[in-house]
Amino acid sequence: QFRDERDAALESYNEALRLFRAVGAKLGEANVLGALLRLELLKNQNFLLAEKNLESLIILRQSMKDIFSQGADYFNFSVTLTTMREWEKAIFYCLRARDTLEKVGESNPVEQTHRLEKGIYLFKDIFQHIDSGDTQTARVLLSQTRLLLLPTGEPPLFLMLDKLEDELAQ
């Protein structure tokens, strides 16, 4: 069922992309491209294509002089990579998000990247403790991660935490 929903979402996003391009709505095009590239990455796990699409998206955002959204795109890509347990790549794009968002001059988005970076390291530690059989430490780290990431409000990360919590409860 999940695969069917993902395929339907891809179809809808592709249709929206065609419409935005047809009317020349760059902001709509960019927003759809951002969602589409993350969805396609989750479906196909083709990192090279996703990174290429992300860079095309960043170029489009640059043409619109939208620095904040460039940072948000890197941040969202990092979140997706985190849910895929691609720790090093997730950190790389989190740091790109931070570097970009620092140019905007608002402290809250930059603080979110700090939280995400710490959260990625905590997720990595949680999985290492689970793999070694140390579920007690994994539970403690899971609670710390939840508190740390709460201000980010990122549903994919909380779904990941919920799933881990369920696994550890068994």
Side-chain angles (χ1 to χ4, degrees), residues 2 5-124 145-163:
F2 181 68
E5 291 173 10
R6 198 178 336 190
D7 288 342
L10 280 169
E11 189 176 312
S12 294
Y13 277 123
N14 279 313
E15 178 60 26
L17 185 60
R18 283 189 288 278
L19 291 171
F20 283 125
R21 285 179 171 162
V23 298
K26 285 188 175 186
L27 180 59
E29 177 183 351
N31 291 337
V32 169
L33 281 173
L36 194 54
L37 79 90
R38 292 188 306 276
L39 192 56
E40 287 177 335
L41 175 59
L42 288 169
K43 181 181 179 190
N44 303 322
Q45 302 205 359
N46 185 335
F47 296 106
L48 292 177
L49 178 61
E51 288 174 326
K52 180 183 170 201
N53 290 340
L54 176 62
E55 289 311 311
S56 295
L57 172 59
I58 295 301
I59 290 167
L60 179 59
R61 297 275 195 207
Q62 288 169 341
S63 76
M64 298 168 17
K65 301 189 183 339
D66 187 354
I67 297 170
F68 179 83
S69 293
Q70 291 172 50
D73 290 327
Y74 286 132
F75 184 91
N76 292 330
F77 195 65
S78 178
V79 168
T80 301
L81 291 167
T82 300
T83 65
M84 299 174 74
R85 301 185 198 180
E86 292 291 334
W87 313 124
E88 288 74 24
K89 289 179 183 185
I91 291 292
F92 175 80
Y93 284 102
C94 179
L95 296 177
R96 284 189 82 174
R98 181 177 310 144
D99 290 345
T100 304
L101 290 167
E102 283 175 343
K103 296 173 188 172
V104 176
E106 295 179 27
S107 61
N108 188 46
V110 174
E111 172 60 26
Q112 301 301 350
T113 65
H114 285 285
R115 287 181 179 279
L116 178 58
E117 180 186 11
K118 291 175 188 172
I120 295 166
Y121 285 116
L122 283 167
F123 272 120
K124 184 177 178 181
T145 306
R146 186 176 295 280
L147 288 172
L148 173 73
L149 293 175
L150 194 59
T152 69
E154 284 296 321
L157 299 178
F158 289 99
L159 288 172
M160 189 174 178
L161 288 166
D162 291 345
K163 188 175 181 181

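Note that the structure is a prediction, hence the values are computed from the model and not measured. These numbers come from the heavy atoms of this one structure, side chains and all, not from hydrogens, waters or symmetry mates. Just so you know, residue 1 is the first one in the sequence shown, and it goes up from there.
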*asked:* I'd like to know whether M64 forms a side chain to side chain contact (heavy atoms under 4.5 Å, CB included) with L27, so could you lay out the CA-CA distance, the side-chain angles of the two residues, the decisive distance to 0.1 Å, and finally the verdict.
replied: CA-CA 8 Å; M64 298 168 17; L27 180 59; 4.0 Å; yes
*Should we say atom CD of E55 is surrounded by more than 12 heavy atoms from elsewhere, each under 6.0 Å from it?*
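Yes.
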*asked:* For the OH atom on Y121, are there more than 12 heavy atoms of other groups (residues, nucleotides or ligands in this structure) within a distance under 6.0 Å?
replied: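 Result for OH/Y121: open.
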How long is the span from the [atom1] atom in [X] to the [atom2] atom in [Y], to the nearest 0.5 Å?
{"X": "Y13", "Y": "L37", "atom1": "OH", "atom2": "CG", "answer": "11.0 Å"}
{"X": "L17", "Y": "S12", "atom1": "CG", "atom2": "OG", "answer": "12.5 Å"}
{"X": "T100", "Y": "Y74", "atom1": "OG1", "atom2": "OH", "answer": "5.5 Å"}
{"X": "I120", "Y": "E86", "atom1": "CD1", "atom2": "CD", "answer": "11.5 Å"}
{"X": "L122", "Y": "T145", "atom1": "CG", "atom2": "OG1", "answer": "4.0 Å"}
{"X": "L36", "Y": "N14", "atom1": "CG", "atom2": "CG", "answer": "5.0 Å"}

*Let me see the working for N44 and L49 under side chain to side chain contact (heavy atoms under 4.5 Å, CB included), right down to the final yes or no.*
CA-CA 10 Å; N44 303 322; L49 178 61; 5.7 Å; no
*Derivation and outcome, side chain to side chain contact (heavy atoms under 4.5 Å, CB included), residues K26 and L60*: CA-CA 8 Å; K26 285 188 175 186; L60 179 59; 4.0 Å; yes
Write down the atom of [X], the atom of [Y], and the distance for their closest heavy-atom approach.
{"X": "L101", "Y": "A72", "value": "CD2-N, 4.3 Å"}
{"X": "G34", "Y": "L57", "value": "CA-CD2, 3.5 Å"}
{"X": "V32", "Y": "F20", "value": "CG2-CE1, 3.6 Å"}
{"X": "R146", "Y": "L161", "value": "NH2-CB, 3.5 Å"}

*May I have the step-by-step check of side chain to side chain contact (heavy atoms under 4.5 Å, CB included) for V79 and F75, ending in yes or no?*
CA-CA 6 Å; V79 168; F75 184 91; 3.8 Å; yes
*Side chain of T82, backbone of S78: donor and acceptor closer than 3.5 Å?*
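Present.
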*With sequence neighbours excluded, residues passing side chain to side chain contact (heavy atoms under 4.5 Å, CB included) with N108*: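 By the side chain to side chain contact (heavy atoms under 4.5 Å, CB included) rule, N108 matches Q112.
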*Would you list the pairs meeting side chain to side chain donor-acceptor pair (under 3.5 Å) in which at least one residue belongs to residues 29-40, sequence neighbours left out?*
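Checked against side chain to side chain donor-acceptor pair (under 3.5 Å) - neighbours excluded - the pairs reaching residues 29-40 are R21-E29, N31-R61.
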*Measure up the Y93 and F77 rings against each other and bin them: parallel (under 30°), tilted (30 to 60°), perpendicular (over 60°).*
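Y93 vs F77 ring planes: perpendicular.
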*Between R96 and D73, does at least one N-O distance fall below 4.0 Å, as a salt bridge requires?*
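Salt bridge: no.
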*Any salt bridge (charged side-chain N to carboxylate O under 4.0 Å, His left out) pairs touching residues 113-124, not counting sequence neighbours?*
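Sorted pair list: E88-K124, R98-E117, E111-R115.
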